[in-house]
Amino acid sequence: MVVREKVKDFNVDHIFDCGQCFRWNREQDGSYTGIAFGKPVNISFETYMEEQGEGRLCIDNIDEAEFEEHWCGYLDLNRDYGEIKRILAEKDPIMAEAIKSGQGIRILRQDPWETLISFIISQNNNIPRIKKCIESLCELFGESAGSFRGRNYFAFPKAPVLARLTEEQLAPVRLGYRAKYIIETAKKVAADHAGAEPTDTEEILQTLEQLPLADTAKGYAYLTSLCGVGPKVANCILLFGMAKHESFPIDVWVRRVMHRLYGIDEKDMKHMADYAADHFGSYGGIAQQYLFYHIRQLEK
DNA sequence: GCCCAGGTACGCC
DNA sequence: GGCGTACATGGG
């Protein structure tokens with residue numbers, strides 16, 4: 001168990017139930033259990049006093065070394081979200097209101113491969129079913145990650161494993177027409193990876209794991225070249241799997257916000273993207289998460 | 001039966 | 001390049 005005191009701008013519901021991740025589940029006590037880096041973990045957060053915005057973060061089933069190596073970055077703990085919120089709140093009153101709804105949001109730095117496949121599954125789908133599909137995919141094709149608090153866990157299946165599957169083998173996961181996209185994308189990613197040995201050619205080979213280091217435009221170009229990855233999914237992968245915080249995914253909910261609250265024409269995606277780039281700049285993706293969380297709260 | 005869900009591929013103009 | 005439309009699946 002790792003404990004950190006005086007953690008600010010952190011709310012487990014805002015972080016794990018804001019649609020950026022699909023493998024974290026809420027427990028009776030309000031904590032969340034999930035799996036990352038091949039290991040099941042429970043995360044709880046206790047605020048010292050109401051309205052204080054500080055609290056104690058507990059991560060169970062890891063040690064200090066694992067915290068430093070993986071979890072500090074995964075939870076984006078070194079970023080000052082208070083400062084980001086101050087900057088964004090000044091942009092407009094709608095954003096200021098949205099930040100109040102999701103004041104404890106943090107953008108996770110998830111595994112690019114898992115994020116890629118998860119968001120291919122997300123297209124034209126709803127969050128509960130996305131979670132079911134991913135869980136089933138891991139149970140059927142992922143390596144066992146042991147048991148934790150009486151439950152068995154499975155790691156996310158790696159690219160070469162999915163690349164070898166047929167649509168028939170994937171059928172039990174109930175992915176629908178997305179099964180084909182996933183097999184094709186897995187083949188491409190696995191092949192790129194296999195071919196990524198140093199060569200004497202000028203051309204820099206692109207692989208998925210190189211993308212977080214590349215600039216956003218290059219990452220976007222690679223991702224949208226994959227089958228089943230369009231503009232929205234690519235931006236989600238850049239944002240949630242590669243910490244490209246300027247990426248601004250536009251889905252049905254964000255369209256709803258931009259139309260209803262900002263008055264932008266419902267089908268003018270270009271205008272929405274331009275608005276985000278102009279107003280929210282390098283924090284576009286974080287702004288998008290406050291808006292996404294906000295509109296969904298309003299609809300509940 | 002219909003509509004919807006963190007959209008995309010594909011064909012047509 | 002901008003438009004429609006089909007697409008698997010399950011919940012409301």
Side-chain angles (χ1 to χ4, degrees), chain A residues 13-24 98 101-102 105-108 110 112 114-137 140 165-189 220-242 244-261 265-274 276 284-300:
Chain A
D13 292 315
H14 297 170
I15 293 169
F16 297 115
D17 195 26
C18 71
Q20 63 174 322
C21 53
F22 302 103
R23 300 201 71 197
W24 290 91
S101 315
I105 284 172
R106 281 171 176 270
I107 307 294
L108 298 173
Q110 301 178 78
E114 177 174 339
T115 310
L116 165 61
I117 298 304
S118 296
F119 278 92
I120 288 177
I121 293 171
S122 81
Q123 67 181 255
N124 207 33
N125 211 342
N126 58 65
I127 292 178
R129 216 177 79 82
I130 297 164
K131 292 179 77 166
K132 276 186 191 167
C133 288
I134 293 172
E135 189 181 8
S136 168
L137 185 68
L140 288 174
L165 297 179
T166 63
E167 284 186 55
E168 291 71 33
Q169 290 173 299
L170 261 180
V173 184
R174 314 300 287 161
L175 293 165
Y177 65 90
R178 306 168 195 86
K180 191 184 299 179
Y181 298 166
I182 287 169
I183 292 167
E184 196 168 321
T185 287
K187 283 180 177 165
K188 175 76 159 58
V189 168
Y220 183 88
Y222 178 84
L223 291 170
T224 50
S225 78
L226 298 171
C227 184
V229 181
K232 190 273 172 181
V233 167
N235 276 314
C236 282
I237 300 161
L238 289 166
L239 180 57
F240 306 129
M242 303 186 183
K244 304 295 188 185
H245 288 183
E246 73 272 34
S247 305
F248 190 83
I250 302 173
D251 69 342
V252 288
W253 294 97
V254 176
R255 279 173 70 173
R256 224 162 268 174
V257 180
M258 299 307 278
H259 175 61
R260 288 190 201 165
L261 303 184
D265 177 13
E266 224 165 347
K267 46 185 170 47
D268 196 348
M269 318 287 266
K270 169 119 172 58
H271 188 179
M272 293 180 187
D274 290 345
I286 301 172
Q288 187 267 12
Q289 276 312 98
Y290 292 126
L291 293 173
F292 180 84
Y293 194 82
H294 183 53
I295 188 75
R296 287 170 60 91
Q297 289 303 112
L298 291 178
E299 297 276 307
K300 279 182 184 171

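Predicted model only: the values in this text are computed from it and were never measured. Note on naming: letters A, B, ... go to the chains in the order of the sequence lines (proteins, then strands), and numbering restarts at 1 for each one. Below, each value reflects all heavy atoms present in this structure, side chains not excepted, and no hydrogens, waters or symmetry copies.
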Side-chain-base donor-acceptor pair under 3.5 Å for A/R174 and C/dT9: no

Nearest-0.5 Å distance, CG of residue A/L140 to CD of residue A/E135: 10.5 Å

Earlier contact from the 5' end, DNA chain C, for A/R178 and A/K132: A/R178

Test item: A/V229 and A/Y181 side chains (from C-beta on) under 4.5 Å apart, heavy atoms: no

Among C/dT9, B/dG7, C/dG11, the one nearest A/V252 by side-chain distance: B/dG7

Sugar-phosphate only, base, or nothing, as touched by A/C133 at under 4.0 Å among non-hydrogen atoms: nothing

Nucleotide nearest A/D251 (side chain, heavy atoms from C-beta), chosen from B/dG7, C/dT9, B/dA5: B/dG7

Atom NZ of A/K188 with >12 non-hydrogen neighbours under 6.0 angstrom: yes

Sugar-phosphate only, base, or nothing, as touched by A/P231 at under 4.0 Å among non-hydrogen atoms: sugar-phosphate

C1'-based separation of C/dC3 from B/dA5 [nearest Å]: 23 Å

Touch class at under 4.0 angstrom, heavy-atom based, for A/G19 against every strand present: base

Nearest-nucleotide comparison on DNA chain B, the residue closer to the 5′ end among A/L226 and A/N125: A/N125

Nearest-angstrom distance, P atom, B/dC2 to C/dA6: 13 Å

Atom-pair distance (OH on A/Y177; C1' on C/dA6), nearest Å: 10 Å

Among B/dC4, B/dG7, C/dT9, the one nearest A/R256 by side-chain distance: B/dC4

Spacing of A/K180 atom NZ relative to C/dA6 atom P, expressed in whole Å: 16 Å

Euclidean distance, atom CE of residue A/M269 to atom C1' of B/dG7 [Å, nearest integer]: 9 Å

A/L175 CG to C/dG10 C1', straight-line distance once rounded to whole Å: 13 Å

Sugar-phosphate, base or nothing in reach of A/Q289, heavy atoms under 4.0 Å: base

Sugar-phosphate only, base, or nothing, as touched by A/C18 at under 4.0 Å among non-hydrogen atoms: base

A/R23 side, atom CZ; A/I130 side, atom CD1 - distance, nearest 0.5 Å: 14.5 Å

Rounded distance in Å between the P positions of C/dG10 and B/dT8: 22 Å

Sugar-phosphate, base or nothing in reach of A/F240, heavy atoms under 4.0 Å: base

Position toward the 5' end of DNA chain B (nearest nucleotide), A/V229 or A/Q20: A/Q20

Side-chain-base donor-acceptor pair under 3.5 Å for A/Y181 and B/dG7: no

Rounded distance (Å) that lies between atom P of B/dA5 and atom CZ of A/R255: 10 Å

A/K232, nearest nucleotide to its side chain (from C/dA8, C/dG10, B/dG7): B/dG7

Close side-chain approach of A/F240 to A/C21, heavy-atom, < 4.5 Å: no

Nucleotide B/dA5, atom P - distance to CZ of A/F292 in whole Å: 11 Å

More than 12 heavy atoms of other groups within 6.0 Å of A/E246 CD: yes

Rounded distance (Å) that lies between atom P of C/dA8 and atom CD1 of A/I183: 13 Å

d(OH, A/Y220; C1', B/dT8) in whole Å: 12 Å

